[in-house]
Each structure stands twice: as structure tokens, then as C-alpha cells.
Amino acid sequence: MKREFIKSILNGPVEEREVRVAGWVRTRRDSKGGFSFIELNDGSCFASLQIIADATLANYESEISRLFPGSSIVVTGKVVASQGGGQSVEVQAVSVKVLGFCEPTDYPLQKQRVSFERLREVAHLRARTNTFGAVTRVRHALAMATHKFFDDLGFYYINTPIITASDCEGAGEMFQVTTLELGKKPDYEKDFFRQKTGLTVSGQLAAECFACSLGNVYTFGPTFRAENSNTRRHLAEFWMVEPEMAFADLADDADMAEDYLRYLFNYVLENCMEDLEFFNKRIDTTLLASLRKLAGSEFKRITYTEAIAILEQATVSFEYPVKWGADLQSEHERYLTEVKFECPVTVTDYPKGIKSFYMRLNEDDKTVAAMDVLLPHVGEIIGGSQREERLDVLSARIEEAGLSCDDYWWYRDLRKFGSVPHAGFGLGFERIVQFCTGMQNIRDVIAFPRTPGNAEF
RNA sequence: UCCGGCGUAGCUCAAUGGUAGAGUAGGUGACUGUUAAUCACUUGGUUGUUGGUUCGAGCCCAACCGCCGGAGCCA
């Protein structure tokens with residue numbers, strides 16, 4: 001008999017039929033009435049399936065009575081209507097085959113709550129918990145939604161290099177990739193790639209090459225930052241979604257960013273309700289309400305200059321001074337999204353001095369066509385811009401930034417040969433998973449988090 | 001990296017400078033279509049590490065290690 005997912009049994013009709021299921025025991029409750037209740041979870045959905053294991057089963061005393069949380073079993077039996085109140089169907093076992101026992105004295109997971117901090121120390125097992133199962137399913141849904149959204153709009157999914165010699169300036173410190181011996185003065189001529197290389201901090205420059213040929217493209221891959229950031233919003237290895245559109249300006253970019261975010265919120269509401277209800281109950285009681293609100297609402301869009309004016313008029317006092325030319329601080333972003341507008345805010349046209357060289361210089365010669373999408377409680381979820389398509393302006397900006405035009409020869413070639421206006425953005429995937437689950441710490445929305453001092457597992 | 005907090009039983013947490021406690025998990029027994037099952041009894045400790053103050057340190061001091069929160073950097 002073919003194994004069936006618990007999800008299909010729980011969602012299927014209540015009718016007597018033979019099934020075969022396999023999974024891991026969540027709990028076992030014995031009844032001296034002559035049977036045991038086994039909660040079985042196979043990851044196919046949030047809920048577990050109740051198995052009724054009768055004491056008349058041949059291995060009841062020898063094996064079933066030794067089934068503790070974490071044990072793996074295969075059950076064949078009959079789907080029947082449940083006599084109990086907690087579930088509509090259950091499986092009356094005909095046989096329970098034990099694949100692997102799990103000793104409770106050694107097993108780090110408990111039936112009771114285990115802290116997320118503790119679970120990070122046993123990250124190889126934490127996927128077996130309710131929370132991480134739910135996070136994993138929502139994360140998967142968001143990834144699928146991303147591909148579906150861009151595919152529907154005619155974007156091509158491209159894969160840009162992980163190892164690269166180009167430092168996407170302003171993005172952060174790079175991890176070095178080398179085969180040279182440690183401790184010696186490096187001679188990069190003798191290194192594997194005959195030049196200094198590192199792990200990518202952004203696929204943007206490569207994506208631009210393809211956008212300037214195929215029109216609309218996006219990357220969705222791992223990104224690495226060797227910053228010593230210790231916050232609940234940063235990882236050294238994270239996943240980034242980076243769309244890039246030809247023949248598009250900043251307004252097109254901001255429109256697409258908002259459409260994409262709304263699409264994601266609607267997608268998880270339509271596909272992950274069981275998991276979202278768990279998060280709403282146990283992690284963040286405002287989650288469902290805010291997802292529903294955002295899924296249908298317009299975002300507020302203001303320029304940086306307008307944002308500064310609003311902040312200057314604010315009655316609250318800020319730790320950092322509000323001054324045109326200085327970057328917005330976390331407290332300023334929070335004021336805009338959580339106090340002033342109480343919704344996502346897209347801020348555009350930042351001063352050129354605080355943004356990267358590749359962002360298109362505006363007519364005022366003081367600002368660039370940049371945008372950040374700010375979410376309440378999460379902060380910056382998206383950073384993007386219209387790219388500078390004028391070769392002379394780009395070259396001047398590279399020099400201004402203290403960089404070498406030679407190093408960016410191929411990037412500048414895009415402007416030399418058939419240059420077109422184009423724009424794009426980067427979205428931190430874990431941050432959107434955080435937002436859609438209500439999880440406080442970004443380390444708990446990725447399988448095996450990499451942070452300063454931590455790369456176990 | 002900076003600021004602040006925390007580190008005690010397998011886990012979650014208590015404990016005026018004066019005998020180390022509870023819940024939960026585990027064990028034994030009772031009871032039961034249970035569902036965080038319930039009830040009784042019970043096992044379980046180098047109080048993060050090192051040094052210091054004190055008659056006496058889980059508690060006070062110092063350094064270090066680890067974790068958490070905030071800030072910075074960013075997505």
C-alpha cells in the first residue's frame with residue numbers, strides 16, 4: 001500500500017478505508033482501557049494524526065509502549081470517525097511498525113515548550129517542532145509565490161555567480177574565497193582565480209547584464225555579508241530576491257515592489273492558513289489582522305525630502321538628529337511606518353551622498369532615484385533604484401566614490417552599447433518570512449543560520 | 001563593534017550574603033476515549049569559567065566565555 005500524507009487524510013472524506021502513513025511520534029497517551037493514543041506528524045501539514053493502537057497488537061507491550069516523542073513509525077490501519085472531540089478523523093491501527101526509537105532521556109525536544117534560543121543549539125532537530133514546521137511551510141510558500149509572481153509577469157529566473165570578483169559597493173564586507181595558504185602574504189596572481197575573489201554580496205550587477213537583453217529578469221539566491229552585525233534582523237548568509245527591469249523608471253520599480261509584496265501577503269493567506277493561525281495564536285496575535293490589512297492596502301509613497309519635513313515637524317524627540325543629507329535612522333523609519341502613517345512606506349529620491357554610485361542621478365543633481373520600502377516593525381524590507389544609464393554620469397560617480405572605472409569596465413559597457421533606462425531592487429527573503437510569520441528573530445526563519453561566531457550544522 | 005540584561009536540575013524558571021527549590025520531563029504506582037490528560041510517590045545539582053572580598057558567595061567585585069535585547073551597518 002502506498003504511503004499517504006497525513007494532510008490528505010485529515011482533509012479527506014470521513015469514510016472507512018485502509019491507509020498507510022509514516023511519521024514521527026509527537027506524544028503517546030496510554031489508556032488502561034486497553035489502547036494508546038499516538039499523535040503522528042509527517043510534516044505534510046501542521047496538524048498531527050491521532051492513531052489508536054490497541055493493546056491486542058502483537059508488539060504493543062514490547063514496542064508501542066516504548067514510543068516516546070521523536071520515534072519514527074509506519075502505521076497501516078483504517079480511517080474512522082473519531083469518538084473524541086479534538087479531531088474529526090483518526091486511524092485505527094492494524095499494524096504499527098517501529099522504524100526508530102527515540103530515548104526521552106537523551107532527546108533535546110520536549111512535549112513542553114523549549115525556548116528558541118535552546119532550539120538554535122539543536123538546529124538539526126528543531127525542524128521537528130510545531131513552530132519550525134510552520135516556518136518551513138510558510139517559507140516554501142513565499143518562495144513558490146515569488147517564482148509564480150515573476151513568471152506571470154514574464155520575468156526570467158537567472159542564476160548569478162556565488163563567487164565573484166566584483167564588490168557591489170556599499171553592500172557590505174565580503175567573505176574572501178581563496179586557495180592560498182593562510183598566514184602568508186597573499187599573491188593573488190597565484191590564487192585559484194588569479195585575482196582576489198569573494199562570496200557575492202549582491203547579484204544586481206550581473207542581473208543588470210541580463211535585464212539589458214532579456215528585458216525582465218530576477219535572481220533568487222544566497223547572499224553573503226561579512227559584517228559583524230548582531231541583531232535579530234541580520235544574517236551573514238541570507239537569501240535575496242533581486243528583480244531587474246529594462247525600460248523602467250523608479251515609479252515602475254516602486255509599483256512592482258508594492259505589487260510583489262501584496263502578492264506575497266495574499267498568497268500566504270490563501271495557502272498557509274493553518275500555519276498562520278498557529279503563529280497568530282502563539283507568536284504574534286496581530287499577525288493575521290496586519291497581513292489582511294496589507295494584502296489589500298495601498299502603500300504610502302513619499303520622497304526623502306518630504307520624509308525629512310515630516311520628521312522635523314514630529315512632536316516626539318529623536319535620539320539622532322533629523323537633517324537633510326543624513327540617512328534615516330531606525331527610529332525615524334519606525335516613526336514613519338508605525339506612528340505617522342501606520343502602513344508600509346516607500347521613501348524615494350535620497351541624497352546622492354548616502355547612496356551607491358550606480359543609482360541614477362536626478363535632475364536636481366542632489367538626489368538619486370533610489371527607494372526603500374519600510375515595513376512596520378520589520379524596517380527596511382526592500383532597497384532599490386533606477387540605475388544610472390548615462391555612461392558619462394556613471395563614470396563620474398564611480399570616480400567620486402573612490403572606485404576605479406577599470407574595475408567596472410564590463411558594467412560600464414552596458415552603458416556604452418545600447419544603454420537603456422532600467423531599475424530593480426533587492427528584497428531580503430528572511431525578512432519577509434519574519435514578517436509573514438511574526439517570528440521575532442531572523443535566526444529562526446532560516447534552516448541553519450550563519451551569524452558572527454556561529455556556523456555549526 | 002558599542003550600550004544594557006541574563007547564565008541555577010535534561011528543559012522552563014525561583015531562591016534578604018547563612019542547609020539548593022518548584023513546575024515539567026524521566027522512573028514507579030493508580031485512574032482514564034485521551035488530546036499540554038489527571039492524581040500519588042520518586043530519581044536528578046562542580047549554580048558558565050577563572051580569580052578576588054567575606055567567618056560564610058548562586059547572590060558582592062574583576063576578567064573572560066556564551067546567549068538575548070537595543071544601536072550602528074544593511075536586506
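Residue numbering restarts at 1 for every chain, and letters A, B, ... go by the order of the sequence lines. Every heavy atom of this structure was used, including side-chain atoms; hydrogens, water molecules and symmetry mates were not. For clarity, every value in this text was computed on a predicted model and none was experimentally measured.
Among the heavy atoms of the strands lying under 4.0 Å from S115(A) are primed sugar atoms or P, OP1, OP2 only; no base atom is included. Nucleic acid contact class of E319(A) (heavy atoms, under 4.0 Å, all strands): none. Counting non-hydrogen atoms under 4.0 angstrom, R334(A) reaches the backbone sugars and phosphates but no base. Residue contacts shown for E242(A) are absent, as no nucleic acid heavy atom lies under 4.0 Å away. Within 4.0 Å (heavy atoms only), Y320(A) reaches sugar-phosphate atoms of the nucleic acid but no base atom.
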* To do: Going 5' to 3' through nucleotides 21-32 of chain B, assign each nucleotide B (protein heavy atom under 4.0 Å from a base atom), S (under 4.0 Å only from sugar-phosphate atoms) or - (no protein heavy atom that close).
  => ---SSSS---BB
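For G72(B), one of the phosphate oxygens OP1 or OP2 lies less than 4.0 angstrom from a side-chain nitrogen or oxygen of Q329(A). For G72(B), neither phosphate oxygen OP1 nor OP2 lies less than 4.0 angstrom from any side-chain nitrogen or oxygen of N230(A).
When each of Y260(A), Y157(A), Y263(A) is checked for a ring-ring contact (aromatic ring centres under 6.0 Å, His included) with F150(A), only Y260(A) meets the rule.
Residues of residues 117-134 of chain A having a heavy atom closer than 4.0 Å to RNA chain B, listed by number: E117(A), R118(A), R120(A). Near RNA chain B, meaning a heavy atom under 4.0 Å from it, residues 443-457 of chain A has R443(A) in order of number.
With C1' as the reference atom, G23(B) and G17(B) are 27 Å apart, rounded to whole Å. Only the P atoms considered, A14(B) is 16 Å distant from A22(B), to the nearest whole Å.
Stem list for RNA chain B (at least 3 consecutive Watson-Crick or G-U pairs, distances under 3.5 Å): B:1-7 with B:65-71, B:10-13 with B:21-24, B:26-30 with B:38-42, B:48-52 with B:60-64.
In terms of heavy atoms, M273(A) sits closest to L269(A) at CE-O, 3.5 Å.
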Nucleotide N/O to protein N/O under 3.5 Å, stretch nucleotides 38-43 of chain B:
none

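Ion pairing of E306(A) with K300(A) is absent here, as no side-chain N (NZ or NE/NH1/NH2) approaches a carboxylate O to less than 4.0 Å.
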Which donor-acceptor pairs under 3.5 Å do the side chains of residues 341-351 of chain A make with protein atoms, sequence neighbours left out?
unit_1, atom_1, unit_2, atom_2, d
D349(A), OD1, N362(A), ND2, 2.8
Y350(A), OH, D372(A), OD2, 3.3

